[in-house]
Asker: 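Quick one: structure below, then a few questions.
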Amino acid sequence: MAGGALITGVTSAGPSSPEPPWTWATATSSPSPVAVAALTDREAQLEAACGVGEAGLRKVAKQLVDRKIADRPYLDLDGLTFAQRAAGEPHVWPRAWIVSGLALDHATTLSRIEAWRKSFHDLGERRCGVAIGYAPDGTEVVAAVALDALGDLAPLPVRARTGAWLTVDATLRVPATGARVLLLGPSGEPRSVPTSFEHGRVHARFATDRPGEFTVQVMAEVDTGPRPVLEARVFADVEPTTSLPNLTAPGEDAGGTGDAPTQLTNMIGKMREDARLPALARDPGLDALALTHARLMVKTRTVGHDLGDGDPAERLRDAGMSAREAGENVAHAPSVKLAHRTLYASPSHRANLVNGGFDRLGIAVIGDPDGSVWVTEVFASRLRHGAGP
């Protein structure tokens, strides 16, 4: 999962203004093309350099601009994702770009956004939203939010009645060998929903069996392994929050002052302790496995489970190890804390974090020159060394 920002030439617009109420779309769906008439000529040029316009992403970009002008806190990766869901935008792993200053040169801004685009490694179709705004002192603020769209979602209502049956109807934009839908309810662990997959179409039905917030996630088996493709929020007999919620994940404040892998281990340990789950012991063999894969993600600039080195089970076997059960989480995030937060928020990744059967853990964190981190977490139960062919 990717996230990041470029902020240069920032000029404060004055005291921070109160946070306005958040409004939610009536449904989550894509694609949602941007109306050409809604863009200024400069916005249209920047959007063309960034990717295919998506109305939900433009709404998030406009929020970034408004927040900068009002001197409100910047939306980090988790905040961007929350803004996407409120806007009815279902894709995952957004990245944001923002620049501000007096008398910005448009040609320079255009070249910068084109350079930013080249930092992506897309599997699907680049979707983007661009917005420009001006502070009272004349400061220009330009923001873009972009991501790699691997699928599209037919409208799924944001609000529902308890007991209602809802349909997930998605179309993948990339080759896939399989897909499944996961559901995370107001409490309990994520669970799989019976899913059909044929000719790139994903179909599933689920019931909102109790009041509260549900997260729906579509997972696809693509060339790089299982990957979240689409997400949506559904609120059963409760109203969506109108303020930015506390997005902190359990355990994220327990990192301490050790190195990055130790910090992440502490976060996972505290999260499992609070959930009354068995502790995970760090294993040097799994650490080495995680480090090798994290280095490959950095080299290829790709977040995935199979980057030509085999899936996690194959890599475990090739390293001379076996396990009753194994799992892997991978991420690219602005910080270790945000990596943990984002993985916990994702139903498929949380399933590994809260799996009570796991008892061993391998962790690797590699820093990127841009300040972000690449993370691999390997989980196993009943691990045996020297069990390879």
Side-chain angles (χ1 to χ4, degrees), residues 20-35 37-38 52-63 75 78-94 124-125 127-129 131 145-173 179-186 190 193-197 200-220 228-245 345-348:
W22 286 70
T23 58
W24 285 71
T26 58
T28 302
S29 66
S30 66
S32 56
V34 177
V52 177
E54 183 90 6
L57 295 178
R58 172 168 162 79
K59 183 176 180 180
V60 178
K62 290 177 70 175
Q63 288 177 312
L75 292 178
D78 52 342
L80 288 172
T81 299
F82 176 81
Q84 280 181 265
R85 302 300 165 253
E89 212 291 321
H91 298 102
V92 300
W93 302 359
E125 179 179 75
R127 301 279 176 85
C128 191
V145 179
L147 45 76
D148 183 16
L150 275 64
D152 286 307
L153 183 68
L156 183 68
V158 167
R159 295 169 178 82
R161 299 296 302 271
T162 300
W165 282 90
L166 302 179
T167 299
V168 177
D169 187 3
T171 302
L172 299 186
R173 302 189 62 87
R180 60 192 176 112
V181 173
L182 285 86
L183 185 68
L184 177 62
V193 176
T195 306
S196 66
F197 175 69
R201 293 290 298 273
V202 183
H203 185 87
R205 283 175 58 79
F206 68 94
T208 49
D209 56 0
R210 57 198 184 279
E213 179 181 348
F214 293 79
T215 298
V216 185
Q217 184 181 69
V218 178
M219 293 283 295
V229 174
L230 300 160
E231 286 186 7
R233 303 283 171 82
V234 177
F235 297 85
D237 286 330
V238 296
E239 280 298 309
T241 178
T242 58
S243 59
L244 188 65
S346 166
S348 55

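Everything numeric in this text was worked out from a predicted model, so none of it was measured. Side chains are part of it too, since the values below use all heavy atoms of this structure and drop only hydrogens, waters and symmetry mates.
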Asker: Applying salt bridge (Lys or Arg N to Asp or Glu O under 4.0 Å), run through Arg159 and Glu239 and close with a yes or a no.
Answerer: CA-CA 8 Å; Arg159 295 169 178 82; Glu239 280 298 309; 3.2 Å; yes
Asker: Show your reasoning for whether side chain to side chain contact (heavy atoms under 4.5 Å, CB included) applies to Glu231 and Ser346.
Answerer: CA-CA 9 Å; Glu231 286 186 7; Ser346 166; 4.2 Å; yes
Asker: Do Pro94 and Thr81 have side chains that approach each other closer than 4.5 Å (heavy atoms only, starting at C-beta)?
Answerer: yes
Asker: Would you say the side-chain atoms of Trp24 pair up with the backbone N or O of Gly88, donor to acceptor, closer than 3.5 Å?
Answerer: no
Asker: Grab the two heavy atoms, one from Asp148 and one from Glu125, that are nearest each other, plus how far apart they are.
Answerer: OD1-N, 3.7 Å
Asker: What's the shortest heavy-atom distance between Leu153 and Pro90, and which atoms?
Answerer: CD2-CB, 4.1 Å
Asker: Using 4.0 Å as the upper bound for N to carboxylate O, is an ion pair formed by Asp152 and Arg127?
Answerer: yes
Asker: Take the angle between the ring planes of Phe206 and Phe214 and call it parallel below 30°, perpendicular above 60°, tilted in between.
Answerer: tilted
Asker: Atom CG in Leu230, atom OG in Ser29: separation rounded to 0.5 Å?
Answerer: 11.0 Å
Asker: Going by heavy atoms in the side chains, are Val216 and Val168 under 4.5 Å from each other?
Answerer: yes
Asker: Just so I know, are the side chains of Val158 and Val234 near enough to count as touching, which here means a heavy-atom distance under 4.5 Å?
Answerer: no
Asker: Of the non-hydrogen atoms in Arg201 and Thr171, which two are nearest, and what is the gap between them?
Answerer: CD-OG1, 3.2 Å
Asker: Rounded to the nearest 0.5 Å, what's the gap from OG1 on Thr26 to CG on Leu156? Could you check?
Answerer: 11.0 Å
Asker: Step by step, work out the side chain to side chain contact (heavy atoms under 4.5 Å, CB included) result for Thr242 and Thr23.
Answerer: CA-CA 6 Å; Thr242 58; Thr23 58; over 6 Å; no
Asker: With sequence neighbours left out, what residues match Thr162 under side-chain contact (heavy atoms from CB on, under 4.5 Å)?
Answerer: Pro211, Ala236, Asp237
Asker: When rounded to the nearest 0.5 angstrom, what is the spacing between CZ in Phe82 and CZ in Arg233?
Answerer: 7.5 Å
Asker: Where do Pro190 and Pro347 come nearest, in terms of heavy atoms and distance?
Answerer: CG-O, 3.3 Å
Asker: Measuring from Thr241:OG1 to Phe235:CZ, what's the distance to the nearest 0.5 Å?
Answerer: 8.0 Å
Asker: Look at the side chain of Gln84 and the backbone N and O of Leu57, then say whether any donor-acceptor pair between them is shorter than 3.5 Å.
Answerer: no
Asker: Closer than 3.5 angstrom, by distance alone: can the side chain of His91 be matched with the main-chain N or O of Gly151 as a donor-acceptor pair?
Answerer: yes
Asker: Pair Val181, Met219 - check side chain to side chain contact (heavy atoms under 4.5 Å, CB included), show working.
Answerer: CA-CA 6 Å; Val181 173; Met219 293 283 295; over 6 Å; no
Asker: For Pro157, what residues pass the side-chain contact (heavy atoms from CB on, under 4.5 Å) criterion, not counting sequence neighbours?
Answerer: Leu166
Asker: Decide side chain to side chain contact (heavy atoms under 4.5 Å, CB included) for Val229 and Leu172; before the verdict, give the C-alpha distance in whole Å, the side-chain angles of both, and the deciding distance to 0.1 Å.
Answerer: CA-CA 8 Å; Val229 174; Leu172 299 186; 4.1 Å; yes
Asker: Do any N or O atoms from the side chain of Thr208 and from the backbone of Arg161 form a donor-acceptor pair under 3.5 angstrom?
Answerer: yes
Asker: Donor-acceptor pair, Gln217 side chain versus Ser348 backbone, under 3.5 Å?
Answerer: yes
Asker: Between Thr195 and Arg180, does any side-chain donor sit less than 3.5 Å from a side-chain acceptor?
Answerer: no
Asker: Where is the tightest heavy-atom contact between Val34 and Gly53, given as atom of each residue plus distance?
Answerer: CG2-C, 3.6 Å
Asker: Where do Leu183 and Ala207 come nearest, in terms of heavy atoms and distance?
Answerer: CD2-O, 4.4 Å
Asker: Starting at CD of Glu54, measure out to NZ of Lys59 and round the result to the nearest 0.5 Å.
Answerer: 13.0 Å
Asker: Would you please say whether a donor-acceptor pair under 3.5 Å links the side chains of Glu89 and Ser30?
Answerer: no
